[in-house]
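In what follows, a single structure is set out as structure tokens and then discussed.
Throughout, a chain's letter reflects where its sequence line sits, starting with A, and its residues are numbered from 1.
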There are 2 protein chains.
Amino acid sequence: MILNVDLSGEVPIYQQLRDQIVEAIAEGVLIEGSLLPATRTLAADFGINFHTVNKAYDLLRRQGLIRLNRKTGAVVTTTVAAPPFPSEWTARARTLLAEAVARGLPADEVLTTCRSLLDSFVTPREDTP
Amino acid sequence: MILNVDLSGEVPIYQQLRDQIVEAIAEGVLIEGSLLPATRTLAADFGINFHTVNKAYDLLRRQGLIRLNRKTGAVVTTTVAAPPFPSEWTARARTLLAEAVARGLPADEVLTTCRSLLDSFVTPREDTP
DNA sequence: CTACTTGTTATATAAGTTATAGAACAAATG
DNA sequence: CATTTGTTCTATAACTTATATAACAAGTAG
């Protein structure tokens with residue numbers, strides 16, 4: 001997995017890490033059982049503090065996307081979204097889609113973009129018999 | 001237009017205001033030429049500081065969604081998204097959609113949700129002859 | 001013209017967030 | 001037992017958020 005951190009960007013570093021790991025999971029680059037680098041290792045790779053990586057991992061853990069074990073490190077776990085998540089997610093999607101429409105992007109183009117993005121995620125977890 | 005502000009929420013107040021105004025524009029509740037309340041008025045309505053409202057309006061102005069005139073106040077302006085916007089938006093959409101997929105929401109359900117949201121926005125600006 | 005309403009700008013302050021730093025603890029592995 | 005890993009604690013600097021007060025600037029209405 002390739003992570004890219006923009007240290008001088010507007011988005012907090014821990015959020016960038018979280019987002020990219022979430023995307024890697026969606027893409028199938030990270031699957032159930034995949035091991036993430038140790039916090040100190042990842043921090044050293046980017047020249048950042050390991051507390052910052054810790055914060056990203058803690059976010060992912062609270063969202064049920066990884067499990068943290070001593071010595072084993074962070075392991076990706078695929079769980080099904082808990083009840084409050086879908087409606088919260090929809091609210092956020094509403095805001096993001098509204099922004100696109102308000103700024104003049106045609107609704108059908110927006111939907112096409114969403115479809116493309118989703119298609120790029122859908123990873124064949126099932127074997128072809 | 002009905003605005004709702006959660007003073008003790010995680011999302012900054014100025015962001016909540018911005019988001020809700022963006023959604024109102026997408027919904028067609030606010031259309032080109034609609035006047036927003038004066039910053040001091042809106043601030044008084046919610047018992048917040050007018051600088052906070054100012055920040056929300058300034059964000060909207062920089063995104064080309066409203067124009068600010070002295071005495072006239074804030075006026076909604078429908079503009080077409082500038083070049084950097086679509087790709088930036090797509091990047092944000094990618095992150096949000098990835099989160100849904102990573103947390104186990106079926107891709108087709110996610111797309112359906114997006115379609116529903118977009119449908120709820122599409123407002124007939126053209127007259128029916 | 002004067003008064004009022006509006007956005008604009010400036011300064012200050014308190015609380016919270018982000019990132020860094022160093023240290024120490026706790027558990028699992030080899 | 002030593003090492004590696006996450007966990008917890010304290011501290012600090014820079015930035016963000018929200019508030020407060022004050023003054024300025026430009027339109028509009030009387």
Exercise. Do the non-hydrogen side-chain atoms of B/F121 and A/R94 ever get within less than 4.5 Å of each other?
Worked result: yes
Exercise. Are A/E32 and A/R67 within salt-bridge range, i.e. N to O under 4.0 Å?
Worked result: no
For this session: Starting from P on D/dT7, measure out to OH on A/Y57 and report it in whole angstrom.
Result: 11 Å
Problem set entry | CD1-CG distance between A/I48 and A/L17, expressed to the nearest 0.5 angstrom | 5.0 Å
Exercise. Can you find a heavy atom in the side chain of B/Y57 that is under 4.5 Å from one in the side chain of B/L42?
Worked result: yes
For this session: Whole angstrom is fine here: how far is it from CZ in A/R62 over to C1' in D/dG6?
Result: 15 Å
Exercise. When you check the gap from the basic side-chain N to the acidic O, do B/R61 and B/D58 get nearer than 4.0 Å?
Worked result: yes
Problem set entry | Length of the CG-P vector between A/D58 and D/dC9, whole Å | 13 Å
Exercise. For D/dA18, does OP1 or OP2 lie under 4.0 Å from any side-chain N or O of B/T52?
Worked result: no
For this session: Check the surroundings of atom CZ in B/R92: do more than 12 heavy atoms from other residues, nucleotides or ligands lie under 6.0 Å from it?
Result: yes
Exercise. So what does B/N54 touch, heavy atoms closer than 4.0 Å: a base, only the sugar-phosphate, or nothing?
Worked result: base
Seminar exercise, completed: Winner on side-chain proximity to B/F50, out of D/dT21, D/dT19, C/dG7, is D/dT21
Problem set entry | Gap between atoms CG and P, on B/L35 and C/dT6 respectively (whole Å) | 11 Å
Exercise. For D/dG6, does OP1 or OP2 lie under 4.0 Å from any side-chain N or O of A/T39?
Worked result: yes
Problem set entry | Nearest-angstrom distance from the residue atom CZ of A/R40 to C1' of C/dG22 | 11 Å
Exercise. Expressed in angstrom and rounded to an integer, what is the separation of A/N49 atom CG from D/dC9 atom C1'?
Worked result: 14 Å
For this session: Could you check how far CZ of B/F46 sits from P of D/dA18, rounded to whole Å?
Result: 14 Å
Problem set entry | Position toward the 5' end of DNA chain C (nearest nucleotide), A/K71 or A/Q15 | A/Q15
Problem set entry | Pairing string, 5' to 3', for DNA chain D - Watson-Crick or wobble contacts under 3.5 Å, brackets [ ] where pairs cross, | to another strand | ||||||||||||||||||||||||||||||
For this session: Ignoring the backbone of B/R70, work out which of D/dA18, C/dA23, D/dA26 is nearest its side chain.
Result: D/dA26
Problem set entry | Whole angstrom value for the distance that separates P of C/dT6 from CD1 of B/I66 | 15 Å
Problem set entry | Phosphate OP1/OP2 of D/dT17 contacted by B/Y14 side-chain N/O (<4.0 Å) | yes
Exercise. So does B/H51 reach the base of D/dT17 with its side chain, donor to acceptor, closer than 3.5 Å?
Worked result: no
For this session: Could you give me the CA-CA distance, side-chain angles and deciding distance for A/F46 and A/L3, then say whether side chain to side chain contact (heavy atoms under 4.5 Å, CB included) is met?
Result: CA-CA 9 Å; A/F46 294 117; A/L3 292 178; 3.5 Å; yes
